[in-house]
Visitor: 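Take this structure, written in structure tokens, and hold onto it; I'll ask about it next.
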Amino acid sequence: MDARRYSRPIMSDPFEYDEDDGWPAAPSGPAPAYPGPGGNVAANAAPPWLESLNEAQREAVLAVDGPVLVLAGAGTGKTRVLTTRLAQILHERRAKPYQILCVTFTNKAAREMRERVADLVGPATEGMWLGTFHALGTRILRRHAELVGLKSNFTILDTDDQIRLLKQILEAERIDEKRWPARMLIHVIQRWKDKGLTPDRVDASDAGEVANGRAIAVYKQYQERLQTLNACDFGDLLLHNLTLFKENPDVLEQYRHLFRYILVDEYQDTNISQYLWLRLLAKKGEVADEPANICCVGDDDQSIYGWRGAEVGNILRFEKDFPGAKVIRLERNYRSTPNILGAASGLIAHNEGRLGKTLWTDLPEEGQKVRVRGVWDGEEEARLVGEEIEALQLKGYPLDEIAVLVRAGFQTREFEERMITLGVPYRVVGGPRFYEREEVRDASAYLRVIAQPADDLAFERIVNKPTRGVGKTTMQAVHQAARLEQLPLSIAARRMVETDELKPAARRSLTAILDDFDRWRRAAEAVDHIELTETVLDESGYTAMWKESKKPEAPGKLENLKELLTAMEDYDDLAQFLEHVSLVMDADDRAQGPMVSLMTLHSAKGLEFGTVFLPGWEEGLFPHQRAMDENGLAGLEEERRLAYVGITRARERCEISFAANRRIHGSWQAALPSRFIDELPPKHIEMEADRGVYAGSGGGVAEDRYGFMYGGGGGSYSGGFGSRGSGLRPGVPERAGTFSQGGGPGFQRMKQRGLGSRAPVIEGQADYIGGDKDTDWGEGERCFHQKFGPGTVVKVAGDRLTIEFDKAGTKTVVAAFVERPE
DNA sequence: TTAAAATCGCTGGTC
DNA sequence: GCGATTTTAA
């Protein structure tokens, strides 16, 4: 056998070889000439990786035949099982790398998986079909694009493009965009696609009154437009696969035959269309109805993506879908202390319809109890968390072992500001992805127009960016002509400038940019894609636009454009690069040095930290009101799973907090402690008042969890308010809607106790603590801050500078975060 | 075409 | 109460 095969690049096409019988044959027994994994593990020796696994893990790794569901609780070594299983299959030579399909949800997961398998078996992993659902779907779709009415160089649209396209359709259909916003309709269409529904299969009753009852028609038109544009949105990548497989059984048969082993990560997050895709592929080619060797790994308790189409039902139904499936539970937790585990388990036990797992650990030490703390408001909450982080930092605790996990993105701001004031390095995880950034999208739009003159959406995006006198009026005329003659915009525009339909000025500008594109297309033939991009960004005036811009983000944008050019070096040509921009490109978090992580609970899934802070556990915020309003009990249970995910991120320390008052959308609202706090098993938690209150409350705090709030009397509070057993819970809270306006009983009592008045005093500390380090900053000096932009120093206290920012107001920050303006 | 004014929306966010 | 987007006026 040809050794060359095993060193092919990852995206190589297995169909290109093994031409003899049309399809790569898999060995039924040990393959004779297959090189051992990594070239150094003898074929028959027991592989070293099995020894360090526990019994359940080993079972999951070794049960390679037939359908297997691995229920892997938080911290039970799920990824380890998956990677080892892959290594085992390769090691036993049960399949060649390209006969294995391994699906993940994120590129990051795919990358990690590939690295870890490679660590075990070396280069034998090359050629594996390992990637995200979308990347693998794209790979298959490009091969057979004609069969679903596309060309194989189709473009992949992102949300911006989708909305722009839909807006055009709504306008043409004369559907009032005020009443039926494009954002909402695209969401509806997306949900249909998640369910594997093409326009003809959507039930009319499902569409209801949406878009005046024309939702299905709009969906249909949207799909037609995509087809003429030779484009797909993300949902199509799988939906077209389903159509392809259904209408071409021979093609499906090929892939069924090809994929001898299928592995799926995070199975609880699959949507219907992903599920159907897997189910189609997971049949043995030779024996039509026999389920193949499919192994799904997941945790129903960590299903937190229902809102974007994920169906927990998929994992709950696995045994029915694949009769005779083996279900293996990984319940031994290697991450958290018994107290943390106990708190999390007690909480999640309140959910119904679970597959059920009992996590255990044999850690001898109980560890710290989960600390639950009530505070006056969000500011105090942030301050206390900040103080603790500072104390940990002082003790030499590594900052990258600390995370603040919040329910909603806006909550990070308060903590961010606190970190800035304290001078604690931090990072906010999960900002906009690299390819979603304005400048990167603009640059790719230029390249897309060059590569695909029919790409109207890209053309529109940059035709007047930078402004070059091709405005709305001009484009409207071009649009009309294009629609009339069924031509792409750039072609219609070219025809138009040859007539005198346009005003001379507009005609001149439009001709200029069209000529530019012609020139760039010719250049594309001659120079490589990097040089081409440089030329385009330069000659179009795009770079100049940002150079001249005075916006604080402008230098960053130029920086990103440079980074884009560097990133392009990894790709062979323009087409390859463009695919990766939309599908694979990550924001690189080249974080330097250890930092505290601030992020949402959603983005924390899969991570772990020594210490985790979980602020904002208040009714309405967490569980979020909208989750409950829109999805009732199911919504509430998903929120509870989110809480479970949060707690189980912690290894040794977990601190939950809630505030009595919080500012939401600008106005102050009184808040009740989250019902999840009531649901935590008391023996694993430690309820605490903040110090000022604690001193004066005369005991009872530990007994009565709300004693400090409602007075030290213990259990005597009334008003059916935040209490257990008051008949309010579970289910929809009595105070349906939103938070009550400030002034509930708790609010009043707290105010009387003088709780709120302490806040400004402590706030002032920032000015005089930590002030021995001198800086060379002087009052009145101009400066620049990464986040707040330019400003003037008004006060210097050690290394703390009070700065009046031009845009962001007055703030006190650590000098190290401030630069001199250029 | 640009700048100011009004309006919207506001849970999570991969590909 | 803020920021982004969209409408309106100049």
Side-chain angles (χ1 to χ4, degrees), chain A residues 103-110 131-138 156-160 162-164 167 177-178 181-184 187 190 193-194 232-239 265-266 269-271 273-274 303-310 405-413 429-436 438 464 466-475 503 505-506 509 579-587 599-606 616 620-631 635 638-639 641-643 645-646 663-669 738 807-809:
Chain A
V103 207
T104 64
F105 273 86
T106 63
N107 290 305
K108 192 172 158 230
T132 63
F133 277 100
H134 292 91
L136 297 169
T138 306
I156 298 164
L157 303 185
D158 62 24
T159 323
D160 270 26
Q162 292 178 45
I163 287 178
R164 204 133 18 104
K167 276 187 178 164
E177 243 235 80
K178 286 263 157 59
R183 288 193 168 281
M184 187 201 140
H187 180 82
Q190 226 141 239
K193 290 190 175 181
D194 288 343
C232 282
D233 64 20
F234 285 119
D236 285 336
L237 295 174
L238 279 162
L239 197 58
D265 192 15
E266 307 278 17
D269 289 338
T270 49
N271 61 34
S273 119
Q274 289 158 341
S303 157
I304 54 173
Y305 285 109
W307 51 274
R308 67 178 191 206
L405 309 181
V406 295
R407 174 63 181 83
F410 71 85
Q411 292 173 268
T412 55
R413 247 189 54 187
V429 178
R433 309 262 153 278
F434 186 69
Y435 65 86
E436 281 168 355
E438 183 187 8
N464 200 32
T467 47
R468 46 172 77 89
V470 186
K472 218 170 161 185
T473 337
T474 317
M475 280 313 287
K503 293 209 179 97
S509 322
E579 169 145 334
H580 280 251
V581 157
S582 48
L583 219 48
V584 192
M585 203 120 111
D586 278 335
M599 67 184 106
T600 62
L601 287 159
H602 281 94
S603 34
K605 200 174 92 162
L621 182 58
F622 192 37
H624 201 280
Q625 194 60 49
R626 272 187 71 174
M628 296 186 289
D629 287 349
E630 284 165 19
N631 290 306
E638 185 156 307
E639 296 286 292
R641 290 193 290 267
L642 197 51
V645 166
R663 201 156 66 167
I664 291 194
H665 313 310
S667 58
W668 283 96
Q669 321 235 243
T738 54
K807 298 261 166 61

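Note that these values count all heavy atoms, side chains included, but never hydrogens, waters or copies made by symmetry. To find a chain, count down the sequence lines: A is the first, B the second, and so on, and within it residues start at 1.
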Visitor: Please report, rounded to the nearest Å, how far the C1' atom of B:dC15 is from the CZ atom of A:F133.
Guide: 12 Å
Visitor: Walk me through it: do A:K605 and A:D269 pass the test side-chain contact (heavy atoms from CB on, under 4.5 Å)?
Guide: CA-CA 12 Å; A:K605 200 174 92 162; A:D269 289 338; 2.6 Å; yes
Visitor: So, OP1 or OP2 of B:dT2: does either fall under 4.0 Å of a side-chain N or O from A:T467?
Guide: yes
Visitor: Could you tell me whether A:S603 contacts a base, only the sugar-phosphate backbone, or nothing, with contacts defined as non-hydrogen atoms closer than 4.0 Å?
Guide: sugar-phosphate
Visitor: Give A:G430 one of three labels, base, sugar-phosphate or nothing, depending on what nucleic acid heavy atoms sit under 4.0 Å from its own.
Guide: nothing
Visitor: Sticking with atom P, work out how far C:dC2 lies from B:dG13, rounded to a whole angstrom.
Guide: 23 Å
Visitor: If I take atom NZ in residue A:K605 and atom C1' in nucleotide B:dG13, what distance separates them, rounded to the nearest angstrom?
Guide: 12 Å
Visitor: Taking the minimum atom-to-atom distance to the side chain of A:P181, which one of B:dG13, B:dT11, B:dG9 wins?
Guide: B:dG9
Visitor: Stacking between A:Y305 and the base of B:dG13 (centre distance under 5.5 Å, interplanar angle under 30°)?
Guide: no
Visitor: Using a 4.0 Å cut-off on protein heavy atoms (strictly under), produce a 5'-to-3' string for nucleotides 1-10 of chain C with B for base contact, S for backbone-only sugar-phosphate contact, and - for none.
Guide: B----S----
Visitor: I want to verify a distance call: between B:dT11, B:dC15, B:dT14, whose nearest atom is closest to the A:E630 side chain?
Guide: B:dT11
Visitor: Nearest whole Å is fine: how far is B:dT11 C1' from A:L601 CG?
Guide: 11 Å
Visitor: With sugar-phosphate meaning primed atoms plus P, OP1 and OP2, does A:V470 contact a base, only sugar-phosphate, or nothing at under 4.0 Å between heavy atoms?
Guide: sugar-phosphate
Visitor: Please give me the minimum heavy-atom distance between A:S603 and A:T600, naming the atom from each residue.
Guide: OG-OG1, 2.7 Å
Visitor: Please report the distance, rounded to the nearest Å, between CG in A:N271 and C1' in B:dC15.
Guide: 11 Å
Visitor: Considering all heavy atoms of both residues, which atom of A:L405 and which atom of A:G646 are nearest to each other, and what is their separation?
Guide: CD1-O, 4.2 Å
Visitor: When all nucleic acid strands are considered with a 4.0 Å heavy-atom cut-off, which category describes A:F234: base, sugar-phosphate, or nothing?
Guide: base
Visitor: Check this one for me: any side-chain N or O of A:R407 less than 4.0 Å away from OP1 or OP2 of B:dT11?
Guide: no
Visitor: Quick one: is A:N107 getting a side-chain N or O under 4.0 Å of the B:dC15 phosphate, OP1 or OP2?
Guide: yes
Visitor: Mind listing the closest non-hydrogen atom pair of A:C232 and A:L237 along with its distance?
Guide: CB-CD2, 4.0 Å
Visitor: By the 4.0 Å heavy-atom rule, please label A:G235 as base, sugar-phosphate, or nothing.
Guide: nothing
Visitor: Check every atom of B:dC15, B:dG12, B:dT11 against the side chain of A:L583 and return the nucleotide holding the closest atom.
Guide: B:dC15
Visitor: Does A:Q411 use its side chain to pair, donor to acceptor, with the backbone of A:G616 at less than 3.5 Å?
Guide: no
Visitor: If stacking means aromatic ring centre less than 5.5 angstrom from the base's six-membered ring centre, planes under 30°, is A:H624 stacked on B:dT11?
Guide: yes
Visitor: Take atom CG of A:D265 and atom C1' of B:dC15, then tell me their distance rounded to the nearest Å.
Guide: 15 Å
Visitor: Suppose we screen for ring-ring contact (aromatic ring centres under 6.0 Å, His included). Which residues come up paired with A:F234, at least two apart in sequence or across chains?
Guide: A:H134
Visitor: Do A:W307 and A:H624 make the cut of ring centroids closer than 6.0 angstrom?
Guide: no
Visitor: To the nearest angstrom, how far is A:M628 atom CE from B:dT11 atom P?
Guide: 13 Å
Visitor: Let me spell it out: for each of A:T106 and A:N464, pick the nucleotide of DNA chain B with the closest heavy atom. Which residue's pick is nearer the 5' end?
Guide: A:N464
Visitor: Mind checking side chain to side chain contact (heavy atoms under 4.5 Å, CB included) for A:N464 and listing every partner two or more places apart, or none if nothing turns up?
Guide: A:T467, A:R468, A:V470
Visitor: What's the CG-P distance between A:D629 and B:dG12, to the nearest Å?
Guide: 16 Å
Visitor: Whole-Å distance between B:dG13 C1' and A:D269 CG?
Guide: 12 Å
